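First comes the structure, then the notes that go with it.
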Amino acid sequence: MTYNDEYFMKIAIEQASKSRAEGNEPFGAILVKGNNIVKVAENKVHTHSDPTYHAEIGLIRDFCSENQLFDLNEYTLYTSCEPCVMCSGAMVWSNLGKMVYSVTHDQLADIAGDNIMISCKEVFAKSPLKPVVVGKVLNDEGLKVFDGYSFG
């Protein structure tokens, strides 16, 4: 069976909801190779007391370490929200092939207030390795994860 971006994004959004329910920030991600999900991740900044444990960078860090990989050019990362500068940098350094997100950085800025809001496309434009980027997949569903959420 062949799956599409919407199928995989639904799972990333479910991870974001799980993260929120566990007391972390509402972000989730999955890593796919071909049609197979090889890793799921959620934001764990609070449970790990690690401000860098965003869903995307945690996923990349753990998957690469577990599999002794440095090159993810054959993989697609689905993330519930457009990645921050730090996570976008990890995608560059791991040579990620494709990244698909739901909620845009502008939408997140409206929800979260002031923050380091630089589009992943800006980061990738200045980078030697650039993943293919697809945005706003299941955008309404992605935004629902933030209903009533307050960043603090």
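Just so you know, these numbers come straight off a predicted model, no measurement behind them.
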Do Glu82 and Ser119 get their side chains close enough for a donor-acceptor pair, meaning under 3.5 Å?
yes
Under a 3.5 Å distance rule, please check whether Asn35 uses its side chain to pair with a backbone N or O of Tyr3 as donor and acceptor.
yes
Would you please name every residue forming a salt bridge (Lys or Arg N to Asp or Glu O under 4.0 Å) with Lys18, sequence neighbours left out?
Glu42
Polar side-chain atom of Ser19 near backbone of Gln15 as donor-acceptor pair, under 3.5 Å:
no
I'd like to know if the side chain of Glu22 pairs up with that of His46 as donor and acceptor (distance under 3.5 Å, no hydrogens or angles considered).
no
Are side-chain N/O atoms of Tyr101 and Asn139 paired as donor and acceptor at under 3.5 Å?
no
Scan residues 31-41 for pairs that pass salt bridge (Lys or Arg N to Asp or Glu O under 4.0 Å), counting only residues two or more places apart or in two chains.
Lys33-Glu74, Lys39-Glu66
Please confirm whether the ring centroid of Phe63 lies under 6.0 Å from the ring centroid of Tyr75.
yes
Please examine the side chains of Met99 and Pro83, heavy atoms only from C-beta on, and report whether any two atoms are closer than 4.5 Å.
yes
Qualifying salt bridge (Lys or Arg N to Asp or Glu O under 4.0 Å) pairs, either residue in residues 92-108, two or more places apart:
Asp5-Lys98
Verdict with reasoning, Phe27 to Phe146, per ring pair (Phe, Tyr, Trp, His ring centres under 6.0 Å)
CA-CA 9 Å; Phe27 303 99; Phe146 294 100; 5.7 Å; yes
Answer yes or no: is there a side-chain heavy-atom contact under 4.5 Å between Ile11 and Ile30?
yes
Heavy-atom distance under 4.5 Å between the side chains of Ile13 and Ser102, does that happen here?
yes
Does atom NZ of Lys130 have more than 12 heavy-atom neighbours, drawn from other residues, nucleotides or ligands, at distances under 6.0 Å?
yes
